[in-house]
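Okay, structure first, notes after.
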Amino acid sequence: MRKFIPVSILFASIMLAQTVVLPVLHHNTLRAEKKKIILEHADTIEGGESEGGSFRSVIGNVQFLHDNITLKCDRATNYEAENRIVLTGNVYITDNVYEIYSDSGVYWPDRETGELSGNVRSRMLNSSLAAKARKAVVNKGTSQIWLYDDAIAWHDRKQISGDIILLHLKEATSTAKRRHIDEMQVQGGAFFASLDTLSLSPQVYDQLGSRKMVIRLNDNSKITGITATTEAESLYHLYDEKRKPYGIHYSSGNVIRMLFTDGILKQVRVIGNVEGKQYPERFRGDKSINLSKFVWRESENPFTSEKQKSLPGKAFQ
């Protein structure tokens, strides 16, 4: 059973809190020690006691700062004893390199980790990489973003999907001014598809499927290589030195590696239990030869220009 505290007592307890530093509302700010949670705005504050201990809630246009992380939502409830903040409604998290939206979530300030659920949408702000899933975990300490449950990502007319997608962020260097994704790991039903930019009509797609997949990117966010392991199979389109098409090749094996130059497929290597066949050029564009798990889902990308205006949380930006 919850017991609500009068506002006057609540404000006294809030100002003494160690986990959250609350400034005067409506865009005023306070200086705070590094990694303190700062509440920058909320329309309403309430608090009280529950079976789990004391809690404080902020409601309406909520915005927090935690080091370089910004969190926004419709309602946030801080449970001091558990050192966790429950976020509800139009949840938004960013560190100025990525941004993630969801319906709800939980944030642990001491671990700098957030778990998000419900209609998760994320994107990198310094590249075209965007993704969606049903659940996500953001861990600042390990520089990782985990996407769970029908996870799918899009990047430079390339599509990556699987049960789980792990994004690893590389720290900025002298050559790369900002953090960026340097590796993607895909687990369970891993699938990669890339629009063949040399074929304008018909549109065709190079494809790679396996149980597990590791994708590496350079400092310019271009894919440099993909390693697919366990029940790996590929379908890719062939060209001669004059870029004239001359067929489609299917292969399968224990391991398949694709190598890219400037984001364009240049070489395919197959290792272990190798099998393959080549289709003549007349099969170009024939959907019957696509790998069984191929589905081009670009229309689901939540960050295409026609959908951006309707995204929840855009009013915060």
Side-chain angles (χ1 to χ4, degrees), residues 93-95 97-100 113-114 116 120-173 176 178-195 205-234 236 255-269 291 293-298 300-303:
I93 181 170
T94 183
D95 70 348
V97 174
Y98 61 81
E99 60 182 14
I100 305 178
T113 299
L116 307 175
V120 175
R121 297 91 75 206
S122 64
R123 66 175 171 181
M124 299 296 294
L125 298 177
N126 56 355
S127 75
S128 68
L129 195 147
K132 74 167 192 170
R134 294 190 178 95
K135 298 178 183 179
V137 174
V138 182
N139 189 321
K140 183 183 176 183
T142 60
S143 297
Q144 293 177 327
I145 300 172
W146 293 82
L147 302 170
Y148 295 91
D149 201 353
D150 191 26
I152 182 168
W154 299 268
H155 179 56
D156 288 342
R157 307 310 302 276
K158 297 172 176 61
Q159 177 180 287
I160 302 103
S161 59
D163 297 337
I164 301 172
I165 297 178
L166 167 61
L167 308 176
H168 181 266
L169 284 82
K170 182 181 179 181
E171 294 301 318
T173 62
R178 300 183 67 184
R179 288 187 300 149
H180 64 279
I181 301 295
D182 69 333
E183 185 176 278
M184 303 173 66
Q185 296 182 21
V186 190
Q187 302 175 19
F191 202 91
F192 170 86
S194 175
L195 177 66
Y205 302 87
D206 294 326
Q207 303 162 38
L208 177 64
S210 63
R211 289 191 183 179
K212 298 180 181 179
M213 195 175 292
V214 176
I215 302 170
R216 292 182 175 82
L217 299 87
N218 62 19
D219 291 349
N220 296 317
S221 298
K222 296 289 187 181
I223 293 177
T224 59
I226 304 176
T227 300
T229 57
T230 311
E231 299 178 5
E233 57 178 351
S234 65
Y236 54 95
V255 178
I256 298 179
R257 292 193 176 100
M258 286 186 168
L259 304 178
F260 295 77
T261 300
D262 197 28
I264 299 173
L265 179 63
K266 293 295 184 181
Q267 189 176 17
V268 178
R269 298 174 182 172
L291 299 186
K293 294 182 179 179
F294 171 75
V295 180
W296 188 248
R297 300 168 58 185
E298 189 175 34
E300 299 178 34
N301 187 338
F303 295 100

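When a residue number appears, it is its place in the shown sequence, counting from 1.
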Check against side-chain contact (heavy atoms from CB on, under 4.5 Å), T230 and S210: CA-CA 6 Å; T230 311; S210 63; 5.8 Å; no
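- Taking D149 as the reference, R134 meet the side chain to side chain contact (heavy atoms under 4.5 Å, CB included) condition, with sequence neighbours excluded.
- L217 places none of its side-chain heavy atoms less than 4.5 Å from the side chain of K170.
- Closest approach of Q159 and E298 over heavy atoms only: OE1-N, 3.8 Å.
- For the atom pair CG (N301) and CD1 (I152), the distance works out to 9.0 Å, reported to the nearest 0.5 Å.
- In this structure, the salt bridge (Lys or Arg N to Asp or Glu O under 4.0 Å) partners of K132, at least two apart in sequence or on a different chain, are E300.
- Qualifying side chain to side chain contact (heavy atoms under 4.5 Å, CB included) partners for S194, counting only residues two or more places apart in sequence or in other chains: K158, F192.
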List the steps, then state whether side-chain contact (heavy atoms from CB on, under 4.5 Å) holds for Y148 with V137. CA-CA 8 Å; Y148 295 91; V137 174; 3.9 Å; yes
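- Around atom CZ of R297, more than 12 heavy atoms belonging to other residues, nucleotides or ligands sit under 6.0 Å away.
- Between G189 and K293, the shortest heavy-atom contact is CA-NZ, 4.0 Å.
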Return all side-chain donor-acceptor pairs below 3.5 angstrom for residues 160-168, not counting sequence neighbours, or 'none' if the list is empty.
unit_1: H168; atom_1: ND1; unit_2: D182; atom_2: OD1; d: 2.9

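- Under a 3.5 Å cut-off, the side chain of N220 and the backbone N or O of K222 do not form any donor-acceptor pair.
- Between the CE atom of M124 and the CD atom of E99 there is a distance of 10.5 Å, given to the nearest 0.5 Å.
- Not counting sequence neighbours, the partners of Y205 by the ring pair (Phe, Tyr, Trp, His ring centres under 6.0 Å) test are F294, W296.
- How far CG of D206 is from CG of L208: 10.0 Å, rounded to the nearest 0.5 Å.
- Expressed to the nearest 0.5 Å, how far OG1 of T113 lies from NZ of K140 amounts to 11.0 Å.
- Between L265 and F260, some side-chain heavy-atom pair lies under the 4.5 Å cut-off.
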Take S127 and H180 through the side-chain contact (heavy atoms from CB on, under 4.5 Å) test and state the conclusion after the steps. CA-CA 8 Å; S127 75; H180 64 279; over 6 Å; no
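- By the side chain to side chain contact (heavy atoms under 4.5 Å, CB included) test, T227 is found to be paired with R216, T229, V255, R257, residues two or more places apart in sequence or in another chain being considered.
- Considering CD of E183 and CD of Q185, their distance stands at 4.5 Å, rounded to 0.5 Å.
- The two residues G209 and L291 have their closest heavy-atom pair at N-CD1, 4.1 Å.
- Once rounded to the nearest 0.5 Å, the distance linking CE of M213 with CD1 of I256 reads 9.0 Å.
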Determine whether S221 and L129 satisfy the following criterion, side-chain contact (heavy atoms from CB on, under 4.5 Å), listing intermediate values before the conclusion. CA-CA 9 Å; S221 298; L129 195 147; over 6 Å; no
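- Taking 4.5 Å as the limit, every side-chain heavy atom of I223 sits out of range of all side-chain heavy atoms of M184.
- For the pair P302 and W154, the tightest heavy-atom approach, listed with the atom from each and the gap, is CD-CZ3, 4.0 Å.
- Heavy atoms from other residues, nucleotides or ligands lying under 6.0 Å from NZ of K212 number 12 at most.
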